[in-house]
Amino acid sequence: MACRISELVLGCHDPEALARFWCEVLDFVVLGREDGEWVEIGPREGFGGPQPTIVLSRRDEPEKGKSRLHIDVNATDRDQDAELERLLKLGARPADIGQTGEEEWHVLADPEGNEFCLLKARLAPL
């Protein structure tokens, strides 16, 4: 028997605000919360399905150094350019990590500066 990823935990300053951003990006819903401490978001089907949930956990101070984990996303119902425009309107911003400009993905940061990538391929919705 093997393990599978069930939750990703992301430290942040404002769990509620970041939950709103990522719920819009991923079409997730809030599954649970502890007032001011954490918010868990995930697919409408809830915890334990094919997609992991994301726990946004309050951290008063940013963690030192660069995060070694980031999220990659793919659009499911539009092309990459349209999805990029949508993400920027939601509050994402371009992030420069030394790209050449020739990449087929876009490096972005969420409202708290966590880097993530918008990949080119369109995936079928679950």
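We're numbering straight along the sequence, starting at 1.
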What distance separates [X] [atom1] from [Y] [atom2], expressed to the nearest 0.5 Å?
X	Y	atom1	atom2	result
Cys117	Leu108	SG	CG	7.5 Å
Leu90	Leu88	CG	CG	9.0 Å
Leu84	Asp79	CG	CG	10.0 Å

*May I ask you to list the residues sharing a hydrophobic cluster with Leu119, side-chain cutoff 4.5 Å, ordered by chain and number?*
Ile97, Trp105, Val107
_Leu69: hydrophobic cluster co-members (side-chain, 4.5 Å)_ = none
*Please list, chain by chain and in numerical order, all residues satisfying ring-ring contact (aromatic ring centres under 6.0 Å, His included) with Phe28, sequence neighbours excluded.*
none
Which pair of non-hydrogen atoms, one from [X] and one from [Y], has the smallest distance, and what is that distance?
X	Y	answer
Pro43	Val29	O-CG2, 4.1 Å
Gly36	Arg58	O-CD, 2.9 Å
Pro111	Gly91	CG-O, 4.0 Å
Pro15	Ser57	CG-C, 4.3 Å

_Qualifying salt bridge (charged side-chain N to carboxylate O under 4.0 Å, His left out) pairs, either residue in residues 91-107, two or more places apart_ = none
*Qualifying salt bridge (charged side-chain N to carboxylate O under 4.0 Å, His left out) pairs with a residue from residues 8-34, counting only residues at least two apart or across chains*: Glu16-Arg33, Asp27-Arg44
Taking side-chain hydrogen bond (donor to acceptor under 3.5 Å, both in side chains) as the test, write out the residues that go with [X], two or more places apart.
X	answer
His70	Asp72
Arg122	none
Glu85	Lys89

*Only counting residues at least two apart or in another chain, list the ones meeting side chain to side chain contact (heavy atoms under 4.5 Å, CB included) with Ser6.*
Phe47
*Contacts of type side chain to side chain contact (heavy atoms under 4.5 Å, CB included), residue Gln80, not counting sequence neighbours*: His106, Leu118, Lys120
_The test is side-chain contact (heavy atoms from CB on, under 4.5 Å); show your working for Ile54 and Ile71 and say whether it passes._
CA-CA 11 Å; Ile54 300 174; Ile71 296 171; 4.2 Å; yes
*asked:* Quick check on the hydrophobic clustering: are Trp38 and Val9 connected, directly or via other members, by side-chain heavy-atom contacts under 4.5 Å?
replied: yes
*Do you reckon Leu26 sits in the same ILVMFWY cluster as Val55, going by side-chain contacts under 4.5 Å, direct or chained?*
no
*Applying side-chain contact (heavy atoms from CB on, under 4.5 Å), run through Leu31 and Ile41 and close with a yes or a no.*
CA-CA 5 Å; Leu31 299 174; Ile41 64 172; 5.8 Å; no
*asked:* Glu40: which residues meet the salt bridge (charged side-chain N to carboxylate O under 4.0 Å, His left out) condition with it, sequence neighbours left out?
replied: none
_Show, in sequence, the C-alpha distance, side-chain angles and deciding distance for Leu10 and Leu18, and conclude whether the side-chain contact (heavy atoms from CB on, under 4.5 Å) test is met._
CA-CA 10 Å; Leu10 183 61; Leu18 212 52; 4.1 Å; yes
*Among residues two or more places apart or on two chains, list those pairs meeting side-chain hydrogen bond (donor to acceptor under 3.5 Å, both in side chains) that have a residue in residues 107-119.*
Trp22-Asp110, Lys66-Glu115, Asp110-Asn114
*Taking the side chain from Arg59 and the backbone from Gly11, do they hold a donor-acceptor pair closer than 3.5 Å?*
no
